[in-house]
Amino acid sequence: MQSLIKDINLAAEGRKKIDWVSNFMPTLNSLGDRFEKEQTFKGQTIVVSVHLEAKTAYLATVLQRGGADVIVTGSNPLSTQDDVAAGLVDMGITVYAWYDCTDEEYFMFLHKALDHKPHIIIDDGGDLVNLLHTTRQDAKERLLGGSEETTTGVHRLYALEHANQLTFPMIAVNDSNCKYLFDNRYGTGQSVWDGIMRTTNLTVTGKNVVVAGYGWCGKGVAMRAKGLGAHVYVTEVDPIKAIEAVFDGFKVLPMVEAAKIGDIFCTVTGCKDVIVKEHYEVMKDKAVLCNAGHFDCEVNVQDLENLAVSHERVRQNIEGYTMADGRKLYVLAEGRLVNLAAGDGHPAEIMDLSFAMQALAAEHILHNGKNMEPKVFVLPQELDAEIAKLKLNSMGYDLDALTQDQIDYLTKVN
């Protein structure tokens, strides 16, 4: 089937981006070498629905080296990079995606990808899985299972499992140590501020930054904001996470109070309606709002539109809303993932870990999927350790090893 992309003439620039990140993903390179030698995925069709930028593209090429027929589509209307999509097509990979697609086009792309009847899926946010359980159950005829990249998608998987509705095994890659401890914390922390600063061209130092949610992603966003010189405030509904934030040196308060003092707001909760009408009504003039959760429902843009007397695009990826009293509030990237819709996503070295886990998850499903129950699984701890060791070695670090006496001692005390 023919790819659907914006412009194949962008391929040369896209391939440069893919080549660039490949230089900084040694763990994935190592797996790619093995996959190519063994032809691990020969005869297998793998559908990848992940934010379509250079690191995702490189993962697709690694799977292709292993013999897979790889089909790639995006997982957000604003995170696809058209030159990267063209670069993949130029490399013989089927792609259905373009930047700033409509919701109808987005789901059309997902359906096109599922028309290939995959053996394995790699999902980000759970839209592929949802379709496979609703309108596209026909696409499951060869399906062994798949993996999920992000927290929101894992929540959706567990909801299906708890309702006894999950019909194939899924690996929660997001819950692997080599994913969430690094991708969610250091990746989100850096890429969110990359996106905010690139888009606004404003300082962070000295400003009041409000971070909604103190999970691993929120921890990263707050940590990097502090490092940039901001005064950081955290809002939470979980008392354990709230006390963590306090002990990490941040002030915790309800959003209705934080709304009065914040200069920059970033939601990272995975829930909806985190910032709504009552908050907009008390915000300072020129407050900047953005979201780093998977779906664009955390910053309620509709409430803001209803309150505003006018709004306009004031800069690429910035929509300005004018209130009746003259205050202006600014929303970045339409309330979608600011680090991808207005940036390049996580750094390559971070995604090297996450996508190495995804590659191993695909291999695990290939070898074990037929015998796995339709449940949510986490990869075995030894695979986490394998990836961590590969990454450490690539960075020039080494580990101590226990002596036999130490092993015997630990065996006795444990």
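Heavy atoms only: backbone and side chains are in, while hydrogens, waters and symmetry mates are out. Bear in mind that the values here come from a model prediction, so they are computed numbers and not experimental data.
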How about [X] and [Y]: does a side-chain donor come under 3.5 Å of a side-chain acceptor?
X      : Y      : result
Lys277 : Asn300 : no
Tyr214 : Asp248 : yes
Thr199 : Asn317 : no
His116 : Tyr96  : yes
Asn76  : Tyr106 : no
Lys140 : Thr167 : yes
Tyr180 : Asp183 : no
Asn291 : Thr267 : yes
Asp344 : Gln81  : yes

Donor-acceptor pair, distance only, cut-off 3.5 Å: does the side chain of [X] make one with the backbone of [Y]?
X      : Y      : result
Thr152 : Gly125 : no
His346 : Gly187 : yes
Arg327 : Met283 : yes
Glu257 : Pro254 : no
His279 : Val276 : yes
Asp175 : Val378 : no
Glu53  : Lys55  : yes
Thr269 : Cys271 : yes
Thr200 : Leu202 : yes
Asp352 : Leu28  : yes

Test: [X] and [Y] ion pair at under 4.0 Å:
X      : Y      : value
Arg65  : Asp33  : yes
Arg313 : Glu319 : no
Lys6   : Asp82  : yes
Arg34  : Glu363 : yes

(request) Check whether NZ of the Lys or CZ of the Arg Lys226 lies under 6.0 Å from the centre of the six-membered ring of Phe250 and within 45 degrees of that ring's axis. (result)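 Verdict for Phe250: a cation-pi partner in Lys226.
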(request) Using the ring of Trp20 (Phe, Tyr or Trp, six-membered ring only), decide whether Lys17 places NZ or CZ under 6.0 Å from its centre and within 45 degrees of its axis. (result) no
What's the separation between atom [atom1] in [X] and atom [atom2] in [Y], rounded to the nearest 0.5 Å?
X      : Y      : atom1 : atom2 : result
Asp83  : Leu10  : CG    : CG    : 6.0 Å
Leu289 : Ile264 : CG    : CD1   : 10.0 Å
Gln358 : Leu353 : CD    : CG    : 12.5 Å

(message) Are Phe168 and Leu132 packed together at the side-chain level, in the sense that at least one heavy-atom pair is separated by less than 4.5 angstrom?
(response)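 In short, these two side chains touch, coming nearer than 4.5 Å.
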(request) Would you mind reporting whether Met1 and Thr94 have side-chain heavy atoms less than 4.5 Å apart? (result)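 A side-chain contact under 4.5 Å is absent here.
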(message) Run the side chain to side chain contact (heavy atoms under 4.5 Å, CB included) test on Thr322 and Leu329 for me, step by step, so that the C-alpha distance in whole Å, both residues' side-chain angles and the decisive distance to 0.1 Å come before the verdict.
(response) CA-CA 7 Å; Thr322 302; Leu329 305 179; over 6 Å; no
(request) Sequence neighbours left out, what passes side-chain hydrogen bond (donor to acceptor under 3.5 Å, both in side chains) with Thr45? Give chain and number order. (result) Arg142
(request) With sequence neighbours left out, write down each residue that passes salt bridge (charged side-chain N to carboxylate O under 4.0 Å, His left out) with Glu312, or none if nothing qualifies. (result)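 Residues passing salt bridge (charged side-chain N to carboxylate O under 4.0 Å, His left out) with Glu312: none at all.
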(message) Over 60° means perpendicular and under 30° means parallel, so tell me whether Trp98 and Phe109 are parallel, tilted or perpendicular.
(response)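 The arrangement is perpendicular - the two ring planes meet at more than 60°.
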(message) Does anything in residues 49-92 form a ring-ring contact (aromatic ring centres under 6.0 Å, His included)? List the pairs, not counting sequence neighbours.
(response) His51-His294
(request) May I have the step-by-step check of side chain to side chain contact (heavy atoms under 4.5 Å, CB included) for Asp194 and Asn339, ending in yes or no? (result) CA-CA 7 Å; Asp194 284 347; Asn339 53 334; over 6 Å; no
